[in-house]
2 protein chains.
Amino acid sequence: MRKKVLLVEDELRIREVVADYFKKDGWEVHETDNGSSAIDWFDAIYPDLVILDIMMPKMDGFAVTKEVRAKSGVPIILLTAKSSDDDKIHGFDLGADDYVTKPFSPKVLVARANSLMKRATEHYLPNGHMLSFGHAVVNTKSRQLELDKQQVELTPKEYDLLLLLLQHKNNVLSRETILNHVWGIDFEGDNRVVDTHIKKLRAKLGDESHHIRTVIGTGYKFE
Amino acid sequence: MRKKVLLVEDELRIREVVADYFKKDGWEVHETDNGSSAIDWFDAIYPDLVILDIMMPKMDGFAVTKEVRAKSGVPIILLTAKSSDDDKIHGFDLGADDYVTKPFSPKVLVARANSLMKRATEHYLPNGHMLSFGHAVVNTKSRQLELDKQQVELTPKEYDLLLLLLQHKNNVLSRETILNHVWGIDFEGDNRVVDTHIKKLRAKLGDESHHIRTVIGTGYKFE
DNA sequence: GCTCATATGTCCTTCATGTGTCCAAATAAG
DNA sequence: CTTATTTGGACACATGAAGGACATATGAGC
């Protein structure tokens with residue numbers, strides 16, 4: 001299930017660049033150029049994330065935030081040219097979750113969106129939410145893996161990697177994508193680190209390692 | 001047993017945002033938009049914490065504080081747009097425990113609520129409530145640890161830390177989280193104080209120290 | 001207020017473990 | 001069969017935690 005972002009921004013070229021980056025990162029992107037149609041879109045598609053420009057004709061970002069918050073707790077990121085603290089407080093008071101000040105790098109915006117989504121999912125995970133496959137159970141609260149009733153210790157990278165794969169069951173994830181999510185966009189090293197960690201994860205998964213499939217030329221898939 | 005907060009605030013958008021943050025933090029949230037129904041709610045649910053807007057139609061926050069204080073010593077936080085000292089004194093006089101001035105960050109409000117609750121629970125803990133693990137017993141009344149029938153003296157920080165870990169058995173707690181709960185959100189120092197106190201606690205726990213597990217890159221866990 | 005004992009916080013060194021790179025062998029694709 | 005890609009092993013390097021030593025803060029008793 002792809003994550004949906006609703007992008008509300010009146011400047012066409014900014015919107016296009018941002019949309020591009022989100023698409024590359026695997027998001028389903030819905031775009032609009034003004035606040036009032038944003039509300040209609042919101043009701044129609046129920047996005048996982050909303051990105052709002054503050055300065056817009058008709059209905060500004062603050063007003064949209066207010067309307068959206070009346071309906072839902074969806075993560076909201078505000079784009080602003082103003083960087084004064086007053087604006088920040090104004091926005092946070094209305095319930096925006098993050099701010100990005102123009103000019104910004106689309107890459108950074110995508111990264112922030114992802115970390116926001118991650119936090120949101122982590123927060124809403126009920127006590128010791130379990131993800132399971134075969135004879136294995138992953139406890140997201142204690143960051144542990146249980147294999148046939150045996151506790152298996154995972155290193156941070158191994159755990160993050162496994163979780164990412166589980167959250168995208170049956171989707172092929174490119175090394176690029178995995179790198180962006182588990183290592184962060186700043187990581188400068190070799191793509192092939194992913195291979196190494198997949199290898200270690202497989203070793204720890206033992207009998208259940210067959211769930212991690214190699215998709216040659218592309219990446220990895222959990223199934 | 002989840003903590004209950006009664007949230008009394010007439011502005012819908014603020015109420016929703018705040019309610020959201022409290023829910024994310026694991027609270028059971030009861031909401032109402034005016035002072036007189038707040039009293040009814042109070043009698044019905046007996047919350048662990050009350051958050052009151054001062055400016056409300058019919059019955060303002062001060063009046064509600066007075067009524068609630070007549071019945072109970074429950075912690076009360078007042079939300080106010082006015083920040084003059086007069087208001088503060090007026091409120092404290094009636095028995096509010098803390099003030100938060102609008103506009104505020106919901107995050108900070110939740111943090112303050114937690115620190116208030118912590119203080120309150122320490123005061124109101126039932127007589128000699130015991131927590132045990134292995135051969136150890138913690139007496140929350142006397143703040144003492146008994147190990148194999150031997151009394152072990154714990155310093156305040158050691159005790160608070162142990163209690164926090166015990167209360168979140170099997171959950172990994174980040175240094176950040178531990179800091180916020182044991183040291184308070186104001187603490188400015190190094191994250192690594194936590195390590196030092198874990199070390200001291202382990203030393204005092206002796207044979208039972210294996211219950212405190214290090215989760216590398218993340219924090220500590222009691223199991 | 002002063003002194004002492006204890007609690008708390010910081011720093012630094014050591015050590016263990018986690019992480020990333022490289023290369024040869026194995027496997028899949030064309 | 002040839003080439004591209006992944007795997008697995010070995011190794012070097014980076015990071016984070018433990019442990020010890022020490023400086024400072026706090027609080028009780030005088």
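Given the structure is predicted, the values throughout are model-derived calculations rather than measurements.
One interatomic measurement links the two molecules: CD1 of B:Ile198 to C1' of D:dA17, which rounds to 11 Å at whole-angstrom precision. The interatomic distance linking B:Lys204 (NZ) with D:dG19 (P) rounds to 16 Å, in whole Å. At whole-Å resolution of the value, CG in B:Leu154 and P in C:dT6 are 16 Å apart. Atom P of nucleotide C:dT19 and atom CZ of A:Phe187 are separated by 11 Å, given to the nearest angstrom. Straight-line distance from the CG atom of B:Leu161 to the P atom of C:dA7: 15 Å, rounded to whole Å. Spacing between atom OH of A:Tyr159 and atom P of C:dG18 amounts to 16 Å, rounded to whole angstrom units. At whole-Å resolution of the value, CG in B:Leu201 and P in C:dA7 are 13 Å apart. Distance, B:Glu153 CD to D:dG27 P: 18 Å, rounded to whole Å.
Residue contacts for A:Asp190: at a heavy-atom cut-off of 4.0 Å it reaches the sugar-phosphate backbone alone, with no base atom in range. Heavy atoms of A:Thr196 sit under 4.0 angstrom from at least one base atom. Backbone-only contact: A:Tyr220 has heavy atoms under 4.0 Å from sugar-phosphate atoms and none from a base.
Taking 4.0 angstrom as the limit, B:Arg202 places none of its side-chain polar atoms (N or O) nearer than this to OP1 or OP2 of D:dG19. In terms of phosphate contacts, B:Trp183 brings no side-chain nitrogen or oxygen within less than 4.0 Å of OP1 or OP2 of C:dT8.
Under the salt bridge (Lys or Arg N to Asp or Glu O under 4.0 Å) criterion, B:Arg213 pairs with A:Glu153, B:Glu223, not counting sequence neighbours.
Between A:Ala136 and A:Leu147, the shortest heavy-atom contact is CB-CD2, 3.9 Å.
For D:dG20, the base has a donor-acceptor partner in the side chain of B:Lys199 [N/O atoms by modelled type, under 3.5 angstrom].
Each of D:dT6, D:dG16, C:dT8 was ranked by its minimum atom distance to the side chain of B:Thr155; first place goes to C:dT8. Set against C:dT19, D:dT6, D:dA18, the side chain of B:Asp195 has D:dA18 as its closest nucleotide. Among the nucleotides D:dA18, C:dG9, C:dG20, the one closest to the side chain of A:Lys157 is C:dG20. With distances taken from any side-chain atom of B:His197 to the nucleotides C:dG18, D:dT6, C:dG9, the minimum falls on C:dG9. Taking every side-chain heavy atom of A:Pro156 into account, C:dG18 is the closest of D:dA17, D:dT6, C:dG18.
Each of B:Thr214 and B:Lys200 was matched to the nucleotide of DNA chain D holding its nearest heavy atom; the match closer to the 5' end belongs to B:Thr214. A residue-by-residue look at A:Asn191 and B:Asn191 shows that B:Asn191 has its nearest nucleotide of DNA chain C further toward the 5' end. The 5' end of DNA chain C is approached more closely, in terms of each residue's nearest nucleotide, by A:Arg192 than by the other of A:Arg192 and A:Ile216.
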### Message
Between B:Asp195 and B:Arg192, does the salt bridge (Lys or Arg N to Asp or Glu O under 4.0 Å) criterion hold? Intermediate values first, please.
### Response
CA-CA 5 Å; B:Asp195 299 36; B:Arg192 297 301 162 143; 3.2 Å; yes
### Message
The test is side chain to side chain donor-acceptor pair (under 3.5 Å); show your working for A:Arg202 and A:Thr214 and say whether it passes.
### Response
CA-CA 11 Å; A:Arg202 278 176 171 153; A:Thr214 305; 2.8 Å; yes
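Between B:Phe222 and B:His211, the angle of the ring planes stays under 30°, which puts this pair in the parallel group of the 30/60° scheme.
For B:Glu208 (side chain) and B:His135 (main-chain N/O), a donor-acceptor pair under 3.5 Å exists by modelled atom type.
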